[in-house]
Amino acid sequence: MKVANKLHQFFIRVPSPMYLGIAVLIFAASNSVTRKIVEIGENHAINGRNPISLCNVLFVGNICALGLMTLIFYQDWQRPTLKALTRKDWISLTITGILSGAIAPALIFAALGQTNVTNIVLIGRIEPILTLLLGVLLLGSRVDFWAIAGSLISLAGVIVTAVLGSSSQMMTMGGFQIGTGETFVAIAAIVGSIATVVGKLQLQSIPLGIFTIYRNILGTVFFFLLANLLYGPHHFAEVLSPFLWQWMIIYAAVIVVTGQLCWLAGLKNATITELNLASLLNPIAAIIMGYLILGEAPTLAQYLGGSLLFVGMIFGFVGNLYQAKINRSLVNPNPRDAMETAIGFRGV
C-alpha cells in the first residue's frame with residue numbers, strides 16, 4: 001500500500017505540460033511506428049502473406065486497445081448512466097463511431113501504404129481548418145482575424161503539399177494531379193471534422209468512457225465487415241498469428257492507451273495555451289519521428305508546404321492566446337473538446 005501511495009503521489013506531482021509532451025511524442029510517432037511494424041511483418045511472412053498487414057494492425061490493434069480501455073473506463077458503463085442516454089444520443093454515437101472509429105482510421109492506414117508519413121502529417125492538417133469552417137456554419141462559432149488568416153495560410157500549405165509533394169500513384173481531380181495516398185488523407189480529414197462537429201452538437205453530456213469504448217467497438221465491427229465485403233474473408237487469414245498479437249499488444253498499450261492516458265492526465269490542470277501549444281508542436285514532432293524511425297527526409301515541396309502550415313498554426317496560436325486573455329473561462333478545457341483537438345492520428 002505504501003508503494004502504491006508513493007506512486008500515486010508521484011504521478012500527481014508530475015506537471016501537466018510533461019504529460020502533454022509525452023502524449024504528443026507518442027501520437028506523433030504513431031504513423032511511423034505503424035509503418036515500421038508493417039515492414040517487420042513483411043520480413044516474417046506466413047504462407048507468403050504479411051501477418052502484420054495494415055488491415056490486421058487496425059483490426060487487432062482496436063481489439064487490444066478495447067480490452068485495455070475497458071479496464072480504464074468500465075466505471076462509466078453503469079446501468080443508470082446507460083439508461084439516461086436517449087435514442088438520439090445512440091444515433092449520434094453510432095454516426096461518430098463509424099466515422100471516427102472505422103472510416104477515418106481505415107483511410108489513414110490505406111494512405112500509409114501509398115505515401116510517406118510527412119505528406120500524411122501535413123495534409124492531415126486540413127482537418128482543423130474544416131472543423132473551424134463547420135463550427136462557424138453549424139455551431140455558430142465566432143472566429144477572429146487570427147483564426148481566419150491562419151486557416152487560409154495553412155490551407156495554402158496543404159494545397160502545396162498535396163499538388164507538388166505527392167509520393168504515391170497519381171490521379172486527376174479538377175484538372176490537378178494528386179496522389180492516391182494524399183487523397184485518402186484529405187478524405188479522412190473531412191470525415192474526422194464531420195465526426196468532431198457531430199460530437200460537439202450531440203455528445204457533450206455523454207461520459208468519455210462510453211464515447212471512447214462504443215466508438216472502438218463499433219469501429220472495429222464496421223471495419224471488419226467492410227474489409228470482408230471488399231477483399232473477402234481470406235483478407236484476415238493471419239489474424240490469429242501469435243507474432244501479430246505480440247506486436248499489437250505492445251502497440252495498443254503504448255501508442256493508444258498510454259498516449260491517451262497521458263493526454264487525459266495532462267488535461268486535468270492544463271490551460272488552453274498549453275493545449276494549443278501541444279497541437280502546434282505535434283506535426284513538427286511527427287515529421288521528426290518519420291525521419292528518426294523511417295529515415296524519411298522532407299522534400300522541397302514538403303518544406304515549402306510545411307513552412308506555410310507552420311506560419312498558419314502560429315497565427316492560430318496567437319489568436320488563441322488573445323482569446324484566452326479575454327475569456328478566463330478557457331482555462332481547463334472540456335475533456336471531450338480536448339480529446340478532439342487536432343493533434344494528429346492517435347494509432348486507432
Results of side-chain contact (heavy atoms from CB on, under 4.5 Å) for Ile159 - residues two or more places apart only: Leu155, Val163

pair Thr258-Cys262: side-chain heavy atoms closer than 4.5 Å: yes

Shared hydrophobic cluster for Ile46 and Trp247 (ILVMFWY, side-chain gaps under 4.5 Å): no

Tyr291/Ser32 under side chain to side chain donor-acceptor pair (under 3.5 Å): CA gap, chis, key distance, verdict: CA-CA 9 Å; Tyr291 176 73; Ser32 299; over 6 Å; no

Residues Leu244, Glu238; criterion side chain to side chain contact (heavy atoms under 4.5 Å, CB included); working and verdict: CA-CA 8 Å; Leu244 167 67; Glu238 312 303 331; 5.8 Å; no

Any side-chain heavy-atom pair of Cys64 and Trp245 under 4.5 Å: yes

Side chain to side chain contact (heavy atoms under 4.5 Å, CB included) assessment of Leu54 paired with Val38: CA-CA 7 Å; Leu54 288 167; Val38 170; 3.6 Å; yes

Short N-O contact, Arg35 and Glu296, less than 4.0 angstrom: yes

Residue pair Gly61 / Ala252: nearest heavy atoms and the distance that separates them: O-CB, 3.9 Å

Expected output: side-chain Arg215 to main-chain Ser100 donor-acceptor under 3.5 Å: no

Atom of Gly181, atom of Ala111 and distance for their closest heavy-atom approach: O-CB, 3.5 Å

Sub-4.5 Å side-chain heavy-atom contact between Val239 and Phe59: yes

ILVMFWY cluster, Tyr251 and Leu71 together (side-chain gap under 4.5 Å): no

Thr180 and Gln114: side chain donor to acceptor below 3.5 Å: no

Ile52 backbone acceptor or donor facing Asn50 side chain under 3.5 Å: yes

Residues Asp76, Thr212; criterion side chain to side chain contact (heavy atoms under 4.5 Å, CB included); working and verdict: CA-CA 10 Å; Asp76 285 347; Thr212 302; over 6 Å; no

Approximate separation, where rounding is to 0.5 Å, of Ile37 CD1 and Ile255 CD1: 8.5 Å

Any donor-acceptor pair under 3.5 Å from Thr96 side chain to Ser92 backbone: yes

With sequence neighbours excluded, residues passing side-chain contact (heavy atoms from CB on, under 4.5 Å) with Thr94: Ile98, Tyr214, Leu218

Backbone of Ile190 reached by a side-chain donor or acceptor of Ser193 within 3.5 Å: yes

Check: Phe27 main-chain N/O paired with Ser30 side-chain donor or acceptor under 3.5 Å: yes

Approximate separation, where rounding is to 0.5 Å, of Leu93 CG and Ile210 CD1: 8.0 Å

Ala301 to Val160 - nearest heavy-atom pair and separation: O-CG1, 4.0 Å

Atom of Gly306, atom of Thr161 and distance for their closest heavy-atom approach: N-OG1, 4.3 Å

Side-chain H-bond candidate by donor/acceptor type, Gln302 with Asn119, under 3.5 Å: yes

Distance (rounded to the nearest 0.5 Å) between Thr34 OG1 and Leu294 CG: 9.5 Å

Minimum side-chain heavy-atom gap Leu58-Asn62 below 4.5 Å: yes

From CD (Gln75) to OG1 (Thr81), nearest 0.5 Å: 10.5 Å

Atom OH of Tyr303: over 12 foreign heavy atoms under 6.0 Å: no

Euclidean distance, Ile194 CD1 relative to Glu127 CD, rounded to 0.5 Å: 10.5 Å

Ile206 vs Leu85 side-chain heavy atoms within contact, under 4.5 Å: yes

Separation between CZ of Phe109 and CG of Asn31, rounded to the nearest 0.5 Å: 8.0 Å

Side-chain touch Trp90/Leu82, heavy atoms, less than 4.5 angstrom: yes

Cluster link Leu66 to Trp77, ILVMFWY, side chain under 4.5 Å: yes

For Leu309 against Ser154, the heavy-atom pair lying closest together: CD2-O, 3.3 Å

Asn56 (side chain) donor-acceptor with Pro51 (main chain) under 3.5 angstrom: yes

Asn216 side chain vs Ile213 backbone, donor-acceptor pair below 3.5 Å: no

Residue pair Gly41 / Phe243: nearest heavy atoms and the distance that separates them: CA-CE2, 4.3 Å

Co-membership, hydrophobic cluster, residues Leu240 and Val60, 4.5 Å side-chain: yes

Candidate pair Glu182 and Thr115, rule side chain to side chain donor-acceptor pair (under 3.5 Å), full reasoning: CA-CA 7 Å; Glu182 288 75 15; Thr115 188; 2.7 Å; yes

Phe224/Phe236 under ring pair (Phe, Tyr, Trp, His ring centres under 6.0 Å): CA gap, chis, key distance, verdict: CA-CA 9 Å; Phe224 179 77; Phe236 292 102; 5.1 Å; yes

Ile287 vs Pro298 side-chain heavy atoms within contact, under 4.5 Å: yes

Sub-4.5 Å side-chain heavy-atom contact between Leu152 and Ile129: no

Common cluster, Ile288/Val24, ILVMFWY with side-chain heavy-atom separation under 4.5 Å: yes

